[in-house]
Amino acid sequence: MTNTFLPLMIGFVIMSLGSLLIYMHGSKHPEIRHHTHFHAVVPFIAATSYLAMTLGLGVTAVDGETLYLPRYVDWTFTTPILLVGLTLTGLHEHHRHSSYILPIVVLDVLMIVTGLFSALADNAAERWIWYAWSCVAFAGVLYLLWVPVRAISDEMGGQMETVYRKNLLFLTVVWFFYPIVFLLGPQGVGIIDNVADVWLILVLDVIAKVVYGFLSASRFKTVPRDEFPKMA
Ligand code: RET
């Protein structure tokens with residue numbers, strides 16, 4: 001049994017329970033159910049990824065360092081879901097501004113895919129080029145969320161605006177740690193070893209998916225009904 005079996009197994013258990021609990025929370029509060037469905041599916045995807053890694057599926061070695069492919073597959077699906085949930089909050093669920101969603105999702109997916117390219121690169125120069133390119137895509141995501149979407153949210157005001165700002169700040173702070181851990185980890189300068197990397201990413205994943213899911217749901221409950229767009 002390797003040293004990473006425990007954190008990967010814990011990841012599977014926490015993500016499975018997290019998904020179920022967020023789903024059940026939504027069932028008790030029908031007014032936010034559409035929002036909790038977003039957040040329940042995210043740890044469900046992560047549970048699948050942790051299960052795969054626990055069973056050794058997609059765990060491979062590149063340049064002698066362990067690479068977890070399911071992690072990148074997980075992020076390719078979960079990060080767009082989290083960003084769509086946040087962007088819809090910023091747009092106050094008014095679909096006339098929904099054209100912002102696509103560029104945010106595209107930049108985000110490019111961020112993850114080029115991060116994977118960095119992890120797969122077989123020489124240092126290419127590794128840094130892809131890392132830098134991934135950071136550019138990340139900057140694009142943050143720009144769209146902090147500038148145009150926030151301006152729309154500010155203009156509409158109300159409690160939804162407060163929820164957007166709080167969620168945006170939380171998400172930004174937590175997401176910043178991912179490129180830092182990558183940089184210090186086995187795929188970067190190697191100060192953090194494989195086992196510590198798995199534990200750190202586990203902590204970040206639980207905060208970014210489960211804690212954020214509950215926080216967002218509880219904040220959403222504070223938004224008065226008349227701030228949501230009327231059904232046609
Ligand atoms: C990588 C490495 C290359 C540079 C950057 C990265 C950013 C990753 C991020 C991941 C967020 C994941 C989340 C998952 C949970 O649902 C790919 C590590 C910028 C921001 C939030």
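Counting convention: from 1, in listed order, for ligands and their atoms alike. The figures here come from the full heavy-atom set of this structure, side chains too, leaving out hydrogens, waters and symmetry mates.
Asp193 pairs by the salt bridge (Lys or Arg N to Asp or Glu O under 4.0 Å) definition with nothing, not counting sequence neighbours.
Ring-centre distance between Tyr178 and Trp175: not below the 6.0 Å cut-off. No close placement of the Phe214 and His39 rings is indicated, their centers lying 6.0 Å or farther apart. Ring pair Phe77/Phe44: centre-to-centre distance not below 6.0 Å.
In this structure, a donor-acceptor pair under 3.5 Å is present between the side chains of Asp205 and Tyr50.
Partner of Thr76 under the side chain to side chain contact (heavy atoms under 4.5 Å, CB included) criterion, chosen from Val109, Ile45, Asp108: Val109.
Protein neighbours of ligand 1 below 4.0 Å, counting non-hydrogen atoms: Trp75, Thr78, Thr79, Leu82, Met111, Gly115, Tyr131, Ser134, Phe138, Trp175, Tyr178, Pro179, Phe182, Asp205, Ala208, Lys209.
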